[in-house]
2 protein chains.
Amino acid sequence: MTTSKQPRQSGSGRGQRVTIADIARRAGVTPAAVSLAVNGRSGVSDATRERIMAIAAELRWEPSPAARALAGAPVLTVGMVLARPAEVLGTEAFFGAFVAGLQEVLSRRDYSLQMKIVETTDAEIETYRRWFAQRRVDGVVVVDLRQDDPRIPALEDLGLPALVVGGPGHHGSLPSVYVDDAHATRLLVDHLAGLGHRRLARVAGNEDFLHTLLRDRAFTERCAELGIDAITQDAGFGTRGAEVATAALLARREPPTAIVFDSDEMALAGTHVLEEAGSRIPEDVAVASYEDSALTRTHRPPITAIGRSAIEYGRVAATRLLEVIGASRNRRGSSAESVQESRAIEPVLVVRDSTRPEGAAPAPAVPEASDAGLPSS
Amino acid sequence: MTTSKQPRQSGSGRGQRVTIADIARRAGVTPAAVSLAVNGRSGVSDATRERIMAIAAELRWEPSPAARALAGAPVLTVGMVLARPAEVLGTEAFFGAFVAGLQEVLSRRDYSLQMKIVETTDAEIETYRRWFAQRRVDGVVVVDLRQDDPRIPALEDLGLPALVVGGPGHHGSLPSVYVDDAHATRLLVDHLAGLGHRRLARVAGNEDFLHTLLRDRAFTERCAELGIDAITQDAGFGTRGAEVATAALLARREPPTAIVFDSDEMALAGTHVLEEAGSRIPEDVAVASYEDSALTRTHRPPITAIGRSAIEYGRVAATRLLEVIGASRNRRGSSAESVQESRAIEPVLVVRDSTRPEGAAPAPAVPEASDAGLPSS
DNA sequence: CTGAAAGCGCTTACAG
DNA sequence: CTGAAAGCGCTTACAG
């Protein structure tokens, strides 16, 4: 339907809006009956329910979220606060895609996402406190999990339904979804070791983040198990750090023959440094990334990466949070167990030319499809 | 302050929340007086106002957005709906940064941003209709402006405050902010012509968008004025189209010596095709982009681009929308003129090595700073 | 299965 | 400058 053909709203907004009282009058019932009917609750006969619904549709009634919220119903909004410089949203491909995945699931359930960018973790916690006090959101999704994260006890205290993105561990009694970083690390190390590499380096992102620590640990452990050299080079935030770190690796007496970067952007930045130094990829040095995106796919050579689809990650997180919110509303002591349970997303390795010896056949294991559904156990 | 040290909320949310009635009781006034005081309106003496504010703070009172909205106050939320595949959010660096800019200004004014992703333009319009009917938002920002855009009359009909991102023109009576694409085009063409190029090509994005049309027109016109060849190659959405388009350009009897891409991602994709074909940049073919980002900066060679900072764009849009919302609340016939006025953002050209002849000195005109404030006339 | 009532927390005229 | 009241549009017990 073309909206320009729709009948104009009478009064153009100002003035009388349609309420359940109007519907009730027309249907010859009380407003309470209308409420029961439109919310699909028992208490009205099927016949009256249908009549009420028809009238509601005819009158183009829209429920008032404010009135519903004031009367105690859920506000149908979930929140997410980012304690990061605003630039990151634009820079890190992960966030955009993650948000898109969240939105997709939330929209379908008539929920909306409210976002806020703040400067510090204290400000983030204060935002949760206010959102909760104002009943602005039904729940929140928490990202950028850290060790001993102060947000966890704060949220536990508040009792605001929350889903933690990150783990395993360090999320207290809150439910979480996470990609198994130790597993991802093993996939990468094993792949490179299988190609004959004996000196691996990892260019590591922000060391405050839990996943950085988990990767550090797994990287060192796995390399030790396989009896190969492991170099971890800290790069901090952003592409600049990755460039410096890569240069530092090249300057070593014995440079690594393969480098794994913590993000797609870091991998690109590092690759450029390698190329400028005359290193060929993958002949002189193999390159892989913990983060997949359009960038790794489009690059020449295409870069081998862990395919945790950020969109799918967002979808899983949203689904999980809605479960948590639902459970917290129906808590008749029916157990919080199932709610607190965490969910792991299995990482898969997408092998591309940046680690593929010239002329080798494409690895058949994983199709190149950009958004193949990841298994969510 | 560390939040874990904060006193726990009594009752942990369930049960009694602090209301203006509580404050009124403690202060020995009526709830109405409290309302006036906390909202900074006249009607209470300074002494009582101060006393009330102190008590509110002490009781950690938080206003109820639902109650306020129900009583007719603004809901302090603006909406943005994207009728695009969810992937775009993650793929296009522009959107993430634009949203970050929006957030920054909105947060400061205690507004929040509500986003929704839909499939079609009709669904987008339907969303506006519902948001308006439900009083869910105080206003909306409209992106991806097209020619004869059906959203414009729909929003005009509704009377929902809206800010259009795009133009000039084609936004009806709604206010808009836009980057002057004709101007940007002239900057690019003049720069390349000044370097001696006589055969320019433009790899054009989605032709549905108004800015694509404006660029098409300006590109052809300017090249004609300068007496040089202009080739416009349509590429549609995404990187794949840019690759095909670039290959097509290379296959011409007389390939262009310079190519301008409609986005940073397209420029990268095209560049890779050029390099694979053995073209050196900028020696064999110069490359430039209408869109700047971390990608163009990090690439080797760094890519010349139009520096419309997406973050700044978002900031300007948010500021403008809040003005519009404010004006629509105070409309005492005080004129909608100042409200409808559009605002142009001046494009600047950031020259980098992708168009710079080997050995040439860096162009001094524009500093490389990533987020230098753009002049907003 | 239905009806009448109270209440959610605020704002806004309207009298004093 | 202050007080008492009505009303925003719902939902939720609580009687019939």
Side-chain angles (χ1 to χ4, degrees), chain A residues 13-52 55-56 59-76 130 132-136 138 329-330 332, chain B residues 11 13-52 56 59-76 130 132-136 138 329-330 332:
Chain A
R14 225 75 349 231
Q16 58 288 35
R17 60 177 290 166
V18 179
T19 73
I20 56 171
D22 299 319
I23 301 173
R25 209 172 306 122
R26 280 259 242 146
V29 297
T30 64
V34 176
S35 175
L36 294 178
V38 298
N39 288 308
R41 309 168 124 254
S42 59
V44 285
S45 66
D46 287 356
T48 35
R49 179 187 308 276
E50 274 177 32
R51 191 154 41 90
I52 288 170
I55 294 174
L59 261 40
R60 296 178 143 274
W61 172 78
E62 293 285 351
S64 157
R68 282 189 159 165
L70 192 55
V75 293
L76 300 185
R130 293 191 59 204
F132 178 76
Q134 302 186 341
R135 282 204 70 227
R136 251 190 192 277
D138 295 322
R329 298 218 113 233
N330 309 352
R332 329 189 175 279
Chain B
R14 232 49 18 215
Q16 59 287 35
R17 59 175 292 165
V18 179
T19 73
I20 57 170
D22 299 320
I23 300 172
R25 208 173 305 122
R26 281 261 244 145
V29 297
T30 65
V34 175
S35 175
L36 294 178
V38 298
N39 288 308
R41 312 170 120 252
S42 59
V44 285
S45 66
D46 285 357
T48 32
R49 180 188 307 276
E50 274 178 33
R51 191 155 41 93
I52 287 170
L59 259 39
R60 295 179 144 274
W61 171 78
E62 293 285 352
S64 158
R68 283 189 159 167
L70 192 56
V75 293
L76 300 185
R130 293 191 59 205
F132 179 76
Q134 300 185 345
R135 282 204 72 225
R136 253 191 189 275
D138 296 322
R329 298 218 112 232
N330 307 353
R332 330 189 176 280

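Every heavy atom of this structure was used, including side-chain atoms; hydrogens, water molecules and symmetry mates were not. Keep in mind the model is a prediction, meaning the values are calculated, not measured. Below, chain A is the first sequence line, B the second, and so on; all start at residue 1.
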Discussion item. In this structure, how many angstroms lie between the P atom of C:dC1 and the CD1 atom of A:Ile52, rounded?
Written reply: 13 Å
Item to complete: Calculate the interatomic distance between B:Ile20 atom CD1 and C:dT11 atom P; express it in whole Å.
Response: 6 Å
Worksheet entry | For atom CG of A:Asp22 and atom P of D:dG9, their distance in whole Å | 9 Å
Discussion item. Rounding to an integer number of Å, can you tell me how far B:Gln134 CD sits from D:dC10 P?
Written reply: 10 Å
Worksheet item: Between atom CZ in B:Arg68 and atom C1' in D:dG9, what is the gap in whole Å?
Response: 19 Å
Worksheet, complete the sentence: Shortest non-hydrogen pair, B:Val75 vs B:Arg136, comes out as CG2-O, 3.5 Å
Nucleotide N/O of nucleotides 6-8 of chain D paired with protein N/O under 3.5 Å:
unit_1: D:dC8; atom_1: O2; unit_2: B:Leu70; atom_2: O; d: 3.3

Item to complete: Could you pull out the closest heavy-atom pair between A:Val44 and A:Ala33, with the gap in Å?
Response: CG1-O, 3.8 Å
Item to complete: Provide the closest heavy-atom pair for B:Ala24 versus B:Thr30 in the form atom of the first, atom of the second, distance.
Response: CB-C, 3.6 Å
Worksheet entry | CD1 on A:Ile55 to CD1 on A:Ile20, rounded to 0.5 Å | 13.5 Å
Discussion item. For A:Gly43 versus A:Leu36, what's the shortest heavy-atom pair and its separation?
Written reply: CA-CD1, 4.1 Å
Worksheet item: Starting at the 5' end of DNA chain C, what dot-bracket string do you get if Watson-Crick and G-U pairs under 3.5 Å are bracketed, crossing pairs use [ ], other-strand pairs use | and unpaired bases use dots?
Response: |||.||||||||.|||
Item to complete: Using atom CG of B:Leu36 as one end and atom P of C:dT12 as the other, report the distance to the nearest whole Å.
Response: 9 Å
Worksheet item: Looking across every strand, which nucleic acid part, if any, lies under 4.0 Å from B:Glu62 by heavy atom: base, sugar-phosphate, or nothing?
Response: sugar-phosphate
Practice prompt. If a pair satisfies salt bridge (charged side-chain N to carboxylate O under 4.0 Å, His left out) and one of its residues is in residues 19-31 of chain B, list it, with sequence neighbours excluded.
Written response: B:Asp22-B:Arg25, B:Arg26-B:Glu58
Item to complete: In whole angstrom, give the distance that lies between atom CZ of A:Arg136 and atom P of C:dC10.
Response: 13 Å
Discussion item. To the nearest 0.5 Å, what is the distance between CG on A:Leu76 and CD on B:Gln134?
Written reply: 9.0 Å
Fill in: Student check: side-chain heavy atoms of B:Trp61 and B:Val34 closer than 4.5 Å
no
Worksheet entry | Distance below 4.0 Å between A:Ser64 side-chain N/O and D:dC10 OP1 or OP2 | no
Practice prompt. Can you run down the salt bridge (charged side-chain N to carboxylate O under 4.0 Å, His left out) pairs that involve residues 38-51 of chain B, sequence neighbours left out, and say none if there aren't any?
Written response: none
Fill in: Contacting residues from residues 41-49 of chain B, given that a heavy atom lies under 4.0 angstrom of DNA chain D
B:Gly43, B:Val44, B:Ser45, B:Thr48
Discussion item. For a quick test of reading the model: is some side-chain N or O of A:Thr30 closer than 4.0 Å to OP1 or OP2 of C:dA4?
Written reply: no
Pairs: protein N or O with nucleotides 13-16 of chain C N or O, under 3.5 Å:
none

Worksheet item: Hey, does the side chain of A:Arg135 reach the backbone of A:Ala69 with a donor-acceptor pair shorter than 3.5 angstrom?
Response: yes
